[in-house]
There are 2 protein chains.
Amino acid sequence: MTVKGRPTSLDIAHLAGVSQPTVSRALRGNPMVNADTRRRILAIADQLNYKVDKNASNLRCQQSGTLALLFFEDPAPDDSLINPFFHSMMGSITRACARRGYDLLVSFQQLSDDWHADYEDSKKADGLILLGYGDYLQARTRLEQLVRQGTHFVRWGAALPDQPGIAIGCDNFQGGHAMTRHLLDGGRRRIAFLGDASPRYPEFRERYRGHVQALQDAGLGADAGLQVDAISSETAGGDAVRALLDAGVGFDAVFAASDLIAIGAMRALAARGLQIPADVAVGGFDDIPMAAMVAPGLTTVQQDTRAAGSLLVDTLIDAIRGQACGHHSLPVHLVARGSTTT
Amino acid sequence: MTVKGRPTSLDIAHLAGVSQPTVSRALRGNPMVNADTRRRILAIADQLNYKVDKNASNLRCQQSGTLALLFFEDPAPDDSLINPFFHSMMGSITRACARRGYDLLVSFQQLSDDWHADYEDSKKADGLILLGYGDYLQARTRLEQLVRQGTHFVRWGAALPDQPGIAIGCDNFQGGHAMTRHLLDGGRRRIAFLGDASPRYPEFRERYRGHVQALQDAGLGADAGLQVDAISSETAGGDAVRALLDAGVGFDAVFAASDLIAIGAMRALAARGLQIPADVAVGGFDDIPMAAMVAPGLTTVQQDTRAAGSLLVDTLIDAIRGQACGHHSLPVHLVARGSTTT
DNA sequence: CTGAAAGCGCTTACAG
DNA sequence: CTGAAAGCGCTTACAG
């Protein structure tokens with residue numbers, strides 16, 4: 001029982017003495033097929049290590065059983081670290097896809113370029129997952145274009161009402177609020193916020209809004225001089241702290257909009273001889289693995305990447321199947337470590 | 001100029017007033033096509049946002065323009081950290097694929113399960129890249145099966161002569177040798193080696209062989225009592241150090257077969273009140289981002305993941321195109337930090 | 001330089 | 001329960 005090259009369903013049909021469509025039916029578990037016939041077919045297929053040709057099958061069925069993950073990275077000149085938070089998301093998305101029986105195409109995109117987002121148009125994928133697309137205002141036009149084209153997609157980001165497409169995110173406002181309340185509870189009063197709080201970065205902005213709300217809840221006002229823009233990198237965190245120190249702005253705590261910023265800030269503080277948390281408490285956001293490794297451990301707001309990955313995949317599959325779905329935001333969880341407590 | 005649903009090449013043909021094959025030729029850059037005709041076709045295709053249906057194209061051409069990355073992970077009960085080294089590899093493989101014009105399917109595999117390695121059989125991918133497949137002796141049977149089936153694949157691992165398929169790895173022997181020489185140069189004489197040195201983990205074994213060779217080059221013998229098995233995790237590193245201390249084995253340096261092991265070892269040493277590097281110097285392997293973050297910084301052997309990713313992808317594509325290729329090993333580079341020097 | 005024809009390997013109505 | 005037929009959207013000899 002041998003066949004030249006990879007076997008086709010026609011080869012199986014010949015060997016089983018049935019027609020090719022019957023092989024197809026048996027393989028797909030069509031209940032109409034006689035049980036004996038099915039068994040014979042499956043045995044032969046197994047023996048020949050036959051696998052359905054997905055190109056043929058997908059062409060006929062007009063779908064691919066595949067999702068595409070578009071991961072956007074800054075074209076950093078120094079080839080610096082990708083935010084480990086996204087690594088974690090990528091892992092959970094991969095696993096969620098496997099659970100749902102979808103394959104996953106992964107593509108790293110340059111923010112500067114035109115997006116290479118034609119996986120659905122070329123029928124290689126049934127939908128897209130967008131991760132880390134940078135400046136929201138710049139991305140917005142392209143997101144709207146995807147919506148217009150009828151592309152199925154979900155993105156990780158701020159789940160705000162007026163945004164195009166479907167966004168899944170964590171409750172950034174709540175996270176920002178929790179961190180600042182935690183710092184206030186520890187007796188801190190002058191809390192610097194490191195992170196871009198403009199509409200370009202809606203997630204950071206929400207964290208900042210939560211921060212301001214917590215201050216107000218405590219009867220305090222937000223000091224604009226204590227907010228410093230920073231993108232999510234260690235370098236930016238160090239720069240922000242140095243800018244504050246050099247400007248002579250007094251502060252007893254730092255709330256960094258991401259752990260990478262926080263870690264950069266911790267280094268810069270230590271380099272200037274400041275003790276953490278004695279002189280300055282530091283809080284972050286994400287709970288990347290490094291947060292637990294640095295000394296002292298970094299207090300941070302944990303995002304549940306496992307739930308996030310599942311929800312992204314499930315929501316996208318719902319959208320592909322034509323089920324209406326909207327934004328969704330996930331609860332967060334404060335993890336207290338040595339950088340804010342003694 | 002509108003079309004119901006996603007446009008096909010036939011739609012373009014109608015609009016351009018040519019036959020469908022001419023559209024196909026124009027789109028693929030066939031030089032036979034009249035320049036004016038081509039321009040007209042491209043303009044229409046662009047306007048309709050037409051993309052070639054990859055399922056149809058791949059079916060006809062019998063290839064997919066896609067590679068599959070099989071990433072094996074231990075079914076760790078605690079959902080612990082994936083070795084960050086593999087994250088880095090994944091990034092460089094993704095980028096290398098993009099450069100070569102291939103798409104990349106990513107699949108996380110459970111070590112325990114049967115491998116889900118039928119991407120090539122089902123024509124979803126032209127070849128496989130294997131990363132982190134655990135115990136080599138257990139994997140060997142499956143690797144041999146892939147070879148027998150004629151599957152195109154490359155794997156990251158020890159590039160040793162008698163292994164099935166094509167392996168790309170770093171020069172583990174050289175790396176092991178360099179680290180131990182570095183520790184000896186620093187005046188250390190009792191160097192514990194943490195890592196499984198059995199044929200189950202050929203990469204660790206090579207690192208160990210390099211270590212032993214460096215000892216011999218210095219006129220020293222290897223003390224079997226100083227080698228402790230450990231898989232690549234912080235937990236295993238901590239366990240190994242505690243086992244040595246509890247057994248009362250004296251040592252003034254630790255050479256961990258991976259950075260994760262080293263970091264676990266550093267924590268365990270610190271917990272027992274030992275100073276790094278004063279009491280015990282610590283060296284690792286991989287140069288994961290955390291190695292630079294821990295205090296003191298971890299001296300380690302850097303693997304060039306960028307070159308590795310490119311080489312894996314290039315070699316696989318060569319193999320797919322029928323070009324003979326063999327194992328390949330990449331140079332390594334010692335990075336000295338505070339864990340071994342003052 | 002271009003068109004008519006065949007065919008990649010499936011899946012799914014349509015008959016029987 | 002099963003087979004003959006059509007067709008998914010391309011690409012590539014083969015004619016002209």
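Chain identifiers are assigned alphabetically (A, B, ...) following the order of the sequence lines, protein sequences preceding nucleic acid strands; residue numbering begins at 1 within each chain.
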| request: Identify, between C61(B) and M32(B), the residue whose nearest nucleotide on DNA chain C lies closer to the 5' end. | output: M32(B)
| Does the ring centre of F72(A) sit less than 6.0 Å away from the ring centre of W115(A)? | yes
Nearest to the side chain of [X] - [options]?
X: Q62(B); options: dC1(C), dC10(D), dG9(C); result: dG9(C)
X: V18(A); options: dG9(D), dT12(D), dG3(D); result: dG3(D)
X: P21(A); options: dC10(C), dT12(C), dC10(D); result: dT12(C)
X: A56(A); options: dT2(C), dC10(C), dA5(D); result: dC10(C)
X: N34(A); options: dC10(C), dT11(D), dC1(D); result: dC1(D)
X: D53(A); options: dT2(C), dC10(D), dC10(C); result: dC10(C)
X: S9(B); options: dT2(D), dA13(D), dC10(D); result: dC10(D)
X: L59(A); options: dA4(C), dG9(D), dT11(D); result: dG9(D)

Expressed as a whole number of angstroms, how long is the span from [X]:[atom1] to [N]:[atom2]?
X: N58(B); N: dC8(D); atom1: CG; atom2: P; value: 18 Å
X: K54(B); N: dT11(D); atom1: NZ; atom2: C1'; value: 13 Å
X: Q63(A); N: dC10(C); atom1: CD; atom2: P; value: 16 Å
X: D121(A); N: dG9(D); atom1: CG; atom2: C1'; value: 15 Å
X: N30(B); N: dT11(D); atom1: CG; atom2: P; value: 11 Å
X: I12(A); N: dT11(C); atom1: CD1; atom2: P; value: 12 Å
X: N55(A); N: dG9(D); atom1: CG; atom2: P; value: 15 Å
X: Q20(B); N: dG7(D); atom1: CD; atom2: C1'; value: 14 Å

Check this one for me: any side-chain N or O of [X] less than 4.0 Å away from OP1 or OP2 of [N]?
X: S19(B); N: dT2(C); value: no
X: T22(A); N: dG3(D); value: yes
X: T37(A); N: dT2(D); value: yes
X: R25(B); N: dT11(D); value: no
X: S57(B); N: dT11(D); value: yes
X: Y50(A); N: dG9(C); value: no

| Distance-only donor-acceptor test, R6(B) side-chain atoms vs dG9(D) base atoms, 3.5 Å | no
| field | Any donor-acceptor N/O pair under 3.5 Å between dG9(C) base and R60(B) side chain | value | no
Do the side chains of [Y] and [X] get nearer than 4.5 Å, heavy atoms only?
X: D46(B); Y: L42(B); result: no
X: L69(A); Y: M90(A); result: yes
X: L48(A); Y: L15(A); result: yes

| query | In terms of side-chain heavy atoms, does T66(A) have a donor or acceptor partner in K54(A) at a distance below 3.5 Å? | reply | no
| remark: Between R100(B) and the options D126(B), D318(B), D314(B), the salt bridge (Lys or Arg N to Asp or Glu O under 4.0 Å) test singles out D314(B)
| task | For dC14(C), give its Watson-Crick or G-U wobble partner with both distances under 3.5 Å, or none. | result | dG3(D)
